[in-house]
2 protein chains.
Amino acid sequence: MQITLKDIARMADVAESTVSRALNNKPGVGEDTKLKIIKIAKKHNYRPNQLARGLAANKTNMIAVILSEMDSPGNIEIVKSLEKAAEKNGYQIILCNTNNQTEKEKSYLTLLESNQVDGAIFIGGKLVEGHLLRASFSPDNNIVLVNRLAEENFFTSVLTDYSQGVYKAVGHLLDQGFENIALVGGEDYNLIEEEKSAGYKAALIDHGYQINEDLIFSIKADRKSGYNVFLEIIEGDIIPDAFISTSELTTIGLVEAIKMGGYFIPDDFAVVGYGDNILTSVIDPPLTVLSEPVDALADYSFDFLLKLINKKMKDQQIKVLTPELIIRESSISKYN
Amino acid sequence: MQITLKDIARMADVAESTVSRALNNKPGVGEDTKLKIIKIAKKHNYRPNQLARGLAANKTNMIAVILSEMDSPGNIEIVKSLEKAAEKNGYQIILCNTNNQTEKEKSYLTLLESNQVDGAIFIGGKLVEGHLLRASFSPDNNIVLVNRLAEENFFTSVLTDYSQGVYKAVGHLLDQGFENIALVGGEDYNLIEEEKSAGYKAALIDHGYQINEDLIFSIKADRKSGYNVFLEIIEGDIIPDAFISTSELTTIGLVEAIKMGGYFIPDDFAVVGYGDNILTSVIDPPLTVLSEPVDALADYSFDFLLKLINKKMKDQQIKVLTPELIIRESSISKYN
DNA sequence: TTGTAAGCGTTATCAT
DNA sequence: ATGATAACGCTTACAA
């Protein structure tokens, strides 16, 4: 069995409460008794039982980070950044992966509802559903959303401005002389997808072009779908000369399909992908990408969560960050 | 405030213990009272406080998975597989990333020592150090090691047989007519690196070749080091015609450097990489790789941990799994 | 079948 | 400055 507060109290010949105060640096302990207690604790490698502590203090110093998708290096980057912020503030992170399954999300939500964590950050995922919305109604459930939208915007959230991102990408491709730009977005009917196509359309119109709905594709955000959509497209009536792909995995698949078909990037098709990370960086040729502000997403969301936990958040906060367009070979026209 | 057992007991007009029994499907509750209680609990969306439950029962149904490296897709695959196993057995996973930092490992170890988790699985990382060894002495600390060695083998562990893996790779390359095979391994002086070079040497000798120590390289297991080691090698005296790279990230860097130098794979240099996953699959040309048995690693390690937790492990167990050589274009000689 | 009560290891309140 | 004690929400003998 582990050594407990009580044991230490006995050994130091003081009350448990004194030991607790001493070990937690709380006022009201004599300097010498404090030293004595600390020494004994160290000697016996004392570790406070966090369950008991959490139960008594109603605070665990743990937060849950709930990930919709673990195969996205961009998400992993956000997590790593969150880890740093958490460590700096004395919090530990529980990382949970839902694989976009609502059931798993519900199950992880109980971490919050059963007081195992002080708050939760949800990264990515589908439009917020009822269970999350209901949970958010309790002021005890501190929730921050990252890159995720809800019909009604009750949530403290940090968002990437996909609309702006796609707008930039379209502008760049038009500059390069590409005129038939296809948008490959996610299939989930949700507001984020709407944003993407809004940015796409706005950019085209602002530059004096027509919108062709047949060049907007909604597919599952995985590699295979990215691959298949290209096969489908080249069988179609309108063949684009450029692609904007708005998820990491579809980008991978799309590029694969293009190369497998014997076409060249950017000569036959220009490509703007998503996410500036190890996965997209391995692709040949070097890919122009919309780069997510991963560190800022992490910093803002952790900061918001901390404020929620400490009841320092007066009004609901929403922070919108703009992705950066990093231009590389895959979108540079040979005619330029 | 959340609703508690006591509240439900009051509403149902029974004792708390009865509620506890009813909600935990324990014997000794009348069918009708049980139904009544469950109904009330459901109606009020009751969630047991897991801290209190863990404190009372000395069991949290959570395990920690402590990852040395989050950028390795292979490790992520193991985690995903562990998640499935955990879910099936009613456990929740706390995922922790140490980034190979001993300090972080120590800090996460307190999850075990402070009873927040029932056990821990350590994936990858350096040779086991004192803190882990000491922790393992307490029978309360249920620990399983995956792909990690200790000087003294006190740990329940699941291992990939890197020696066998490299042995296979060398044999294959020799078959293909490559005769100057370089081994690019990790820098950490630890037993795993020794195993790799042991497999390398054994294969060469068994096939009647000499060993050239200058063809064995020990570098940091990251992308940049993989890149740099190639630059260094082509400046050297002996130029190899094939590479075996034993980590995912060095493989990426190595291939990059080869291509950047204007060389072709496999014509100028054959390459056998490590890890059959999304990252290595994106590389052009398709890479011959040593494929880690990720699912088996996960299944065995979770199974072992469960046995440890339930005190069903009689003797210390060590399971060794052999990686598979998946042959693709990058190691096929044009002269064959 | 059901209730009573002790106990898990802390923190926090109130005396002293 | 220190101690005694209740409380956190649950589980589990033991009693009824």
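Numbered from 1 within each chain, the chains take letters A, B, ... in sequence-line order.
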Whole-Å distance separating the [atom1] atom of [X] from the [atom2] atom of [N]:
X: A:L23; N: C:dG9; atom1: CG; atom2: P; answer: 16 Å
X: B:Q116; N: C:dG9; atom1: CD; atom2: C1'; answer: 13 Å
X: B:N115; N: C:dT10; atom1: CG; atom2: P; answer: 9 Å
X: A:N58; N: D:dC8; atom1: CG; atom2: C1'; answer: 8 Å
X: B:I37; N: C:dT1; atom1: CD1; atom2: P; answer: 13 Å
X: B:L55; N: C:dA6; atom1: CG; atom2: P; answer: 17 Å
X: A:E31; N: D:dT2; atom1: CD; atom2: C1'; answer: 15 Å
X: A:K59; N: C:dG9; atom1: NZ; atom2: P; answer: 23 Å

Presence of donor-acceptor pair under 3.5 Å, side chain of A:S17 and base of D:dA4: yes
Any N or O donor-acceptor pair linking the side chain of B:R47 to the base of D:dG9 at under 3.5 Å? no
Name the residue closer to the 5' end of DNA chain C, choosing between B:A52 and B:P27 according to the nucleotide with the nearest heavy atom. B:P27
Can you confirm whether B:K59 is buried at NZ, in the sense that more than 12 heavy atoms of other residues, nucleotides or ligands lie under 6.0 Å from that atom? yes
Would one find more than 12 heavy atoms of other residues, nucleotides or ligands at under 6.0 Å from atom CZ of A:F304? yes
Looking at [X], does any N or O in its side chain come under 4.0 Å of the phosphate oxygens OP1/OP2 on [N]?
X: B:K26; N: D:dT11; result: no
X: B:Y46; N: D:dG9; result: no
X: A:S20; N: C:dT10; result: no
X: A:R53; N: C:dG9; result: no

Would you call A:E105-A:R148 a salt bridge at under 4.0 Å N-O? yes
Strictly below 4.0 Å, heavy-atom distances to any atom of DNA chain C: list the hits from residues 8-15 of chain B, or just say none. B:D13, B:V14, B:A15
With a 3.5 Å distance limit and no angle check, can you tell me whether [X] reaches the backbone of [Y] through a side-chain donor-acceptor pair?
X: B:T110; Y: B:S107; answer: yes
X: B:N97; Y: B:N99; answer: yes
X: B:N45; Y: B:A41; answer: no
X: A:S136; Y: A:L133; answer: yes

May I ask you to say what A:E16 touches in the nucleic acid, namely base, sugar-phosphate or nothing, with a heavy-atom cut-off under 4.0 Å? base
Any base atoms under 4.0 Å from A:G28, or only sugar-phosphate, or nothing? Heavy atoms, all strands. base
Exercise: identify the closest heavy-atom pair between A:M11 and A:I3: CE-CD1, 3.3 Å
Tell me which nucleotide among [options] gets nearest to the side chain of [X].
X: B:T33; options: D:dG9, C:dT2, C:dT10; answer: C:dT2
X: B:R21; options: C:dG3, C:dC8, C:dG9; answer: C:dG3
X: A:A56; options: D:dC10, C:dC8, C:dT11; answer: C:dT11

Quick check on DNA chain D: between B:L51 and B:T18, whose nearest nucleotide comes earlier from the 5' end? B:L51
